[in-house]
Structures are given as structure tokens and as C-alpha cells.
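I have placed the structure first, in the form of C-alpha cells, so that the comments after it can refer back to it.
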Amino acid sequence: GQNIDQPTEMTATEGAIVQINCTYQTSGFNGLFWYQQHAGEAPTFLSYNVLDGLEEKGRFSSFLSRSKGYSYLLLKELQMKDSASYLCALNSGNTPLVFGKGTRLSVIA
Amino acid sequence: GAVVSQHPSWVICKSGTSVKIECRSLDFQATTMFWYRQFPKQSLMLMATSNEGSKATYEQGVEKDKFLINHASLTLSTLTVTSAHPEDSSFYICSARDETGVDTQYFGPGTRLTVL
């Protein structure tokens, strides 16, 4: 089976940097997704990591370590609009994706 | 990224009626689509996997006779909530699997169903 853990809530200040961690256990691994979900809206795709290392995409970066079963999403220059839930999702090769419960990020002034 | 649409965006219906929700992949073909349900402040819950040209695969506890899924083409899946009741009121979200290039799932914007 698969298991995903991520913090339930985080708070950070506008303009700061925040790192949202995700740890997972799985028997099969194809890749790891990060999605952003604003309240009342559907998730939107942020990143997909297949290989170890850091992938940067503007203010957002995602890191993966397959040997440690660990990923993080790094958000820089935080803006108020970044307040949302961030979902870590595992592609274990068996569709469908397995989602974590999400981390609710609050950005404060 | 790829675009997935859902229709309607929101619907209000009377108890006992049926509601059909459409999910379309607009710029790619999707042999596999997924239907999720999300209650307020809760996680996404996978209801079923919709396979083009074959029967859907339902998650444990999801009534297949109540939530009818039809995936008749590579760009369209429909979810019909039959004999809806107030407890079926929720946010229904579809996603479509894009297997071209990076194997990714893209979500539709969701349909908010309110059953009176």
C-alpha cells in the first residue's frame, strides 16, 4: 500500500520563504506531484518530480529524494494569494494517484 | 498545462432527482478519468476511475448504481447522481490523465451540487 504524510497547517509571513514537507511510503514509485487548491476550487497542477533533485519553476520549487521517501515544496516571496492547501500526490504506477490530506498554508501580513 | 472542463459549475436540485455532470479534456485524449468528491474542509475522496470503452472501477463504499459513470469517448466522461439526496450535496471534481509526455493528471474546475 501507500502512505503519505504532510503537515496539516502552516503559517508564514508575506514575502518570506516556506517549505512544505511530504514523506511517503510506497511499494512502487513513478513520481510525485504537488497540487495547489484554493478554498472552494479544484486543485491545480504545480509540479511533478520523477528523479531526485530540485526543480525550480518561478517562485515555486519542488525537491525529491526517492531513497528517503521525501519531497518538499518551496515557496519563495510569499504572496497573500498563496494562501491555499497544498496537496502531495504519489504516482505509484497503479492509477489513480494517492493524495496526502493536504497542508493548509496561511500567509499573513 | 492541459485543460479539463466540467459542466455545470454548480447545480441545485430537488431530492429524488438525477443530476448529470460532464467532464471533458479539451486539448488531449484521456483514456482514464477520475471522479472525486470533496466535503468542506476535507480531503479529496476518490469515487471511481472512469475507463474509456469499459466499465468504471468504483472505490469501496461508493454505490455504482447511484453514481453512474459513462466514458463514451476519449474526451468525455459523465457522472450521473441518481435519486439525489441532501447528503449527496458536495463538490464533485473530475480529473483526466494525460499520458502524452509526462504522465500527469489535470483537474476540472469542479461542480458544486446542492440537493434540497
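The sequence lines fix the lettering, A, B, ..., with proteins before strands; numbering per chain opens at 1. Only heavy atoms go into these numbers, but all of them, side chains included; no hydrogens, no water, no symmetry mates.
Closest approach of B:F34 to A:P96, counting heavy atoms only: CE2-CB, 3.1 Å. Shown here for B:G108 and A:A42, the closest heavy-atom pair between the two residues is O-CB, 2.8 Å. Of all heavy-atom pairs spanning B:Y36 and A:L97, the tightest one is OH-O, 4.5 Å.
Ranked by heavy-atom pairs under 4.5 Å with chain A, the first of B:S95, B:P109, B:P40 is B:P109. Annotation: maximal heavy-atom pairing with chain B below 4.5 Å, among A:G40, A:A39, A:S85, occurs at A:G40.
A:W34 and A:L64 fall within the same hydrophobic cluster, defined by Ile, Leu, Val, Met, Phe, Trp and Tyr side-chain heavy atoms under 4.5 Å apart, directly or through other members. Taking hydrophobic clusters as Ile, Leu, Val, Met, Phe, Trp and Tyr residues chained together by side-chain heavy-atom distances below 4.5 Å, B:V19 does not share a cluster with B:I93. When hydrophobic clusters are built by joining Ile, Leu, Val, Met, Phe, Trp and Tyr residues whose side-chain heavy atoms come closer than 4.5 Å, directly or via intermediates, B:M47 is not grouped with B:F91. Hydrophobic clustering, with ILVMFWY side chains joined whenever heavy atoms are under 4.5 angstrom apart, keeps B:I21 apart from B:F107. If you chain together hydrophobic residues whose side chains sit under 4.5 Å apart, A:M10 and A:M80 fall into the same group.
For residues 99-109 of chain A, a heavy-atom distance under 4.5 Å to chain B picks out A:F99, A:K101, given by residue number.
Around atom CD of A:E77, no more than 12 heavy atoms belonging to other residues, nucleotides or ligands sit under 6.0 Å away. Within a 6.0 Å sphere centred on NE2 of B:H7, other residues, nucleotides and ligands contribute 12 heavy atoms or fewer. Atom NZ of B:K64 sits in a sparse spot, with 12 or fewer heavy atoms from other residues, nucleotides or ligands closer than 6.0 Å.
Only the side chain of B:Q38 comes within less than 4.5 Å of a heavy atom in chain A; its backbone stays farther off.
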